[in-house]
Amino acid sequence: MEAMLKNVTSTVELLAVAAQSGAVEQWDKQTLSRAFDWARYCEHVFSKFHNVPTVRRIMETQLQLTNQGLQAALPGYTEISFSDLSRCQHLLLVGLLNNPELPSKIMEILFDITSNGNSKNCEYPDVTGLCSRIIQYKSARQVLSPLADLSAVGADAAVQGVMLMERLGALLSQGSEVCQIEHFLDSVLLGCEEAAQHFCLVIAAALLTPKNSTASHDFLLDWLQKKDSMLQHMYSALPTRLLKDVAKEHLKFRDAYCDVLKKWASEMEYSINDRVWVQPSSTTTVSFQKLTEHFLSLFEACPSLKEDVEKELSALKTSDGDFDVRGLSVWGDLLTALKK
Amino acid sequence: MAQQQPPIQSQQTSEPLLNVQRMQFWLEKVVCWGQAGSPDIQKDICLHLRRLQGFLQQLVSHINNMSSTTEAMKSLPFLGQFLGRLCWNPYVTADDTSRRLLFQCMWGLYSEHPSNAVERKANQWIQKVLCQLATEEDNAAVQELMKRMGVSPEEYHLKVLRKMVTLLQENIGKSCSSLSNINQRCSCESILATSEACVPLVTCPEAAPLIGALLQRPATCVRAALSEDFLDALSSAYLSQGASLEEQAVVSLWYHSLSSLEGAVLSLLESLLTNTGSTPLEIKQHVAKSLLPKACAQHCSIFLVTSDIFRSILKQAEGNKSIKFLIQTFTSCFLRELALLQPQEHVSLKAFFPQSPQSLLVPLLTLPSEMPQEAWRHHLNWISSSVQRLTEEEEEGDRDSGGSTRGHHKVYEAWFLLVQCGYWVQVTAQLLVTSGPEDFGPLLWLLTFYHHPTRRLHHRALQLVHAKEAWNHLHCLFLVLAGPLPVDRLQSLLTLMSPQPQQPLSPLLILKLLVNFAVFSQQQLSRSTKILQTVVDQSGLAGEAACVLHSLELRLNEESCVSSDSNRVHLRIKALQNI
């Protein structure tokens, strides 16, 4: 424990040095490689202990002290929290590249500038050309992305979905408490309004990952049920094709989907001027046609549901007076539209 | 003096002047590329990528030749803008070579000790651009998620790239079923666009599965063509060993791109012919490793192209025994690969050898090991008389119609086929050892024909006379088991081998016969050794003799003939090699 604390503290100090001081002038390839090794060590520490409250508390306290010390020593120092440690290597890189006193030889190593393209065997392969590699991957992605818009989810969301499931799975297998895991999901997926649509995609992608452990999927679904606004957002923003795929895989999702559709229908009012059913002002406006599409797609995914829903709709229509005139009962009109 | 100066001066002034104009040209291009990424722009970039690399290479030298950044910026006014724009073009930064050259250009402008404000600003700008390229994310949502999940950008981008490659690969795998309806749209149209997009990715190992899939998808649809720029970029990357492709992908590449196939064949020839110290075994292994024989067996068209290249090389150097040996080795590797193919993939031999005399095909392409040893002599006699007949027909045709090219052609093709199946010539030499005066005729004719294919009637007759003489000498030398060495015979033999200008017969022919006699005859080893040693010393053909011994050993090892003789023969070969 002692050793670990010491190591983490030293690495945080290292990060500060890398970002601000001129001491980086002395660094050579070996120093650089070791710096990244230590950063990786910190990431490892985080992934092991971020869920162990006792250890976490101790680390956070220590970090606070270190931060204070560094703030006094270096003006313009930005604090590093415990959760920042999960991206320690990235922070190191950003710090280095933004350091105005960065020596050119470090840049040369990171961008692999001096090689003539044939140095496949070098001593420190992880740092040599690190930035060059990152740029290569990013550019290759950009080159391929106009072509790869094939799957409904997109490559980004698909990868993020897998990562989400992996982390969720890890948390569950570590025996973390339910509220902790929910907190994790909250922190990842909520709280960023602009990105809400994207996160919906990620959740959908996560639910579509192969069912290695139903526990993770179930947890995610349970969590989703409690987040009403997110759920609403998903149903209204995502394409029906995608929703259909998810509904096919997960019963809970399907049932919730069905419930939401019925709820939307019940909220609808008939507009005599436009002669259509509309949803009065609500956050998620869905047209009658879209609603019909949703139902049809749901039936396609789960044919067994069709009969039950139709029976239910019939019953509701009867309770509305069982008229066959358009515009009187949303259920009746819905049934008619669905039967076409 | 005054006259000399102007040319030098114009040379100095013309280069930078050219660069400013070319700079302008490239700057305009790059500005144009920066606009919306339509498929036309993508195509233009891929078309110009190679030339851009050449220009960047020139820029690197130019910048490094300048004494300071200030000077460099002064000599090429839009340099900074040009490089800056290139940095944000993913097609340029995805390709290994262009990225490297671009960074070298940028780095060339970085001053270790900036001497003025311009240079300080340049340094800041360079560091900022490079930092942004490496660390900034364009998508805020993605950045948020990465931060919250604790994912490193390198890992993330790599995974997404791999996912994209997988998605695209699956899409290519879907075969197109619109054969019936030509007007029906199919997904194959995206194949051209995908191959175009892969031009900057030929050196990216992550994209290799996609490239392999593009190359190997079955060519069922008319619209599923691969971009030429893609094939060119891929083949030059492969030849300079920048691209890592699987075996089948390489074969497909050769199948699709003639220039890459030619490049591969020529590079094989070059590597083997410059490596003069290789043993026949090493040559054989090198050829087999090159994947070309396998590719030839799988695709008839590849074999035809390769044969044509060999044919034209041979035409320029008829006597070159290394080339002949290479062709022979290649053909036997090819035949081996052909035999390994599945039965349903078998193509008739005629398709592979369309120009060769059909009657000779099967006899020559049958390996000696596939036939009992006792049948060899009869087999070779037949072959010899067939080829003789061809040459006679040709000569008659000449006399009648005053030079018919078809006759020439037939004889040449027969000879080329013989070169390809050179193992039979080796057998001929071996059988001549055990021949008697009555039956050496056809075999000797065949051997002479192999070494001297060009028809000159008068010469051939003379050649045969000399060959007979040589054979007689050898026969005497090696069959007289007791008694003193007939030195006069030896001397006559040496005379026949000496490089006189009018010498009609190739000394190599005689040497080959000699070595075979030394190995296969019943003569005492010490005597054989002495004879061989004398000849080799006096004629200076030690290297060639060693070569003949090696290839003899190789052939015998492969044939693995289990005769009581083989051990003895092997021992003799070993002893003779030690001379």
Side-chain angles (χ1 to χ4, degrees), chain A residues 43 46-47 50 83 85-87 89-90 93-94 96-98 100 102 104 107-108 110-117 130-148 150-151 155-156 158-160 162-164 167 184 187-189 192 194-199 202, chain B residues 37 39 42 89-97 99-100 103-104 106-107 110 112 124 127-128 130-131 133-135 139-142 144-154 156-168 170-171 190 193-194 197-198 200-201 204 206-207 210 242:
Chain A
E43 289 180 6
F46 177 82
S47 69
H50 73 115
S83 44
L85 286 182
S86 66
R87 302 173 78 226
Q89 288 186 82
H90 180 66
L93 186 63
V94 172
L96 277 171
L97 290 177
N98 278 308
L102 183 69
S104 54
M107 287 284 262
E108 283 172 16
L110 287 172
F111 285 87
D112 203 17
I113 294 181
T114 47
S115 91
N116 54 357
L130 171 65
C131 294
S132 182
R133 271 198 305 279
I134 295 178
I135 297 174
Q136 180 185 39
Y137 299 151
K138 282 163 87 166
S139 313
R141 275 193 49 199
Q142 278 182 282
V143 166
L144 288 179
S145 71
L147 300 162
L150 310 158
S151 76
D156 276 282
V159 169
Q160 287 160 6
V162 169
M163 285 177 166
L164 183 66
R167 276 158 182 68
F184 163 71
S187 67
V188 171
L189 295 167
C192 183
E194 306 84 45
Q197 168 113 10
H198 182 76
F199 292 161
V202 176
Chain B
Q42 177 193 279
N89 186 321
Y91 291 90
V92 175
T93 46
D95 176 71
D96 267 0
T97 315
R99 182 176 66 249
R100 184 173 38 88
F103 287 167
Q104 280 175 352
M106 302 270 285
W107 207 242
Y110 188 87
E112 275 294 333
Q124 280 173 357
Q127 191 169 347
K128 185 167 88 116
L130 290 178
C131 175
L133 276 176
T135 56
N139 189 331
V142 168
E144 272 304 304
L145 211 63
M146 283 202 316
K147 204 157 99 169
R148 293 167 186 210
M149 281 210 282
V151 180
S152 84
E154 186 187 356
Y156 174 73
H157 288 293
L158 182 57
K159 283 201 170 136
V160 174
L161 177 60
R162 283 190 182 147
K163 180 82 190 167
M164 279 186 178
V165 166
T166 313
L167 283 173
L168 285 169
E170 281 167 9
N171 198 41
S190 64
T194 312
C198 285
L201 301 177
C204 177
E206 310 300 326
L210 178 59

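Throughout, a chain's letter reflects where its sequence line sits, starting with A, and its residues are numbered from 1. Every value quoted in this text rests on a predicted model; they were computed, and no experiment measured them.
- Here the closest heavy-atom approach between residue A:Leu97 and residue B:Thr135 is recorded as CD1-CG2, 3.9 Å.
- One distance of note links NZ of B:Lys159 with CE of A:Met163; it measures 4.0 Å at 0.5 Å rounding.
- A search for side chain to side chain donor-acceptor pair (under 3.5 Å) contacts involving B:His157 returns A:Arg141, B:Glu137, not counting sequence neighbours.
- Neither the backbone nor the side chain of A:Leu110 comes within less than 4.5 Å of any heavy atom in chain B.
- At a 4.5 Å heavy-atom cutoff, the contact between B:Leu210 and chain A is made by side-chain atoms alone.
- There is no contact between B:Lys128 and chain A, counting heavy-atom distances below 4.5 Å.
- For the pair A:Ala140 and B:Ala94, the tightest heavy-atom approach, listed with the atom from each and the gap, is N-CB, 4.0 Å.
- If you tally non-hydrogen atom pairs under 4.5 Å between each of A:Met107, A:Glu43, A:Gln197, A:Arg133 and chain B, the highest count goes to A:Met107.
- Contact check for A:Tyr137 versus B:Pro153: no side-chain heavy atoms found under the 4.5 Å cut-off.
- With a 4.5 angstrom heavy-atom cutoff, B:Tyr91 touches chain A via backbone and side-chain atoms both.
- Heavy atoms only, all atoms of each residue included: B:Met149 and A:Arg167 are closest at O-NE, 2.8 Å.
- A distance of 11.0 Å separates OG in A:Ser86 from CE in B:Met146, rounded to the nearest 0.5 Å.
- For the pair A:Leu144 and B:Val165, the minimum side-chain heavy-atom distance is below 4.5 Å.
- Two residues are said to be in side-chain contact when any heavy atoms from C-beta on lie closer than 4.5 Å; A:Gln136 and B:Asp96 meet this criterion.
- Summarising the geometry, atom CD1 belonging to A:Ile113 is positioned 11.5 Å from atom CZ belonging to B:Arg99; distances are rounded to the nearest 0.5 Å.
- A:Val143 approaches B:Ala197 most closely through the heavy-atom pair CG1-O, 3.2 Å.
- With hydrogens and angles disregarded, no donor-acceptor distance shorter than 3.5 Å links the side chain of B:Gln127 to the backbone of A:Asn98.
- Each of A:Leu130, A:Val162, A:Ile134, A:Asp156 has some count of heavy-atom pairs under 4.5 Å with chain B, and the biggest count is that of A:Asp156.
- The greatest number of non-hydrogen atom pairs below 4.5 Å with chain A, out of B:Leu130, B:Val142, B:Thr194, is found for B:Leu130.
- Nearest heavy-atom pair, B:Pro90 versus A:Ser139, reported as atom, atom and distance to 0.1 Å: O-CB, 3.3 Å.
- At a 4.5 Å heavy-atom cutoff, B:Ser152 makes no contact with chain A through either its backbone or its side chain.
- Only the side chain of A:Val202 has a heavy atom closer than 4.5 Å to any heavy atom of chain B.
- For A:Ser187, the part lying near chain B is the backbone, with the side chain staying farther off; criterion is any non-hydrogen pair under 4.5 Å.
- Only the side chain of B:Glu206 comes within contact range of chain A, with heavy atoms under 4.5 Å apart.
- For A:Lys138 (side chain) and B:Leu133 (main-chain N/O), a donor-acceptor pair under 3.5 Å exists by modelled atom type.
- Interface residue B:Val151: backbone and side-chain heavy atoms are both found under 4.5 Å from chain A.
- Chosen from A:Gln160, A:Gln89, A:Gln142, A:Glu108, the residue pairing most often with chain B at heavy-atom distances under 4.5 Å is A:Gln160.
- The part of A:Leu96 that comes within reach of chain B is its backbone (N, CA, C, O), which places non-hydrogen atoms under 4.5 angstrom from that chain.
- Residue B:Glu112 touches chain A through its side chain alone, counting heavy-atom pairs closer than 4.5 Å.
- Evaluation of the ring-ring contact (aromatic ring centres under 6.0 Å, His included) rule for A:Phe111 yields B:Phe103 as partners, not counting sequence neighbours.
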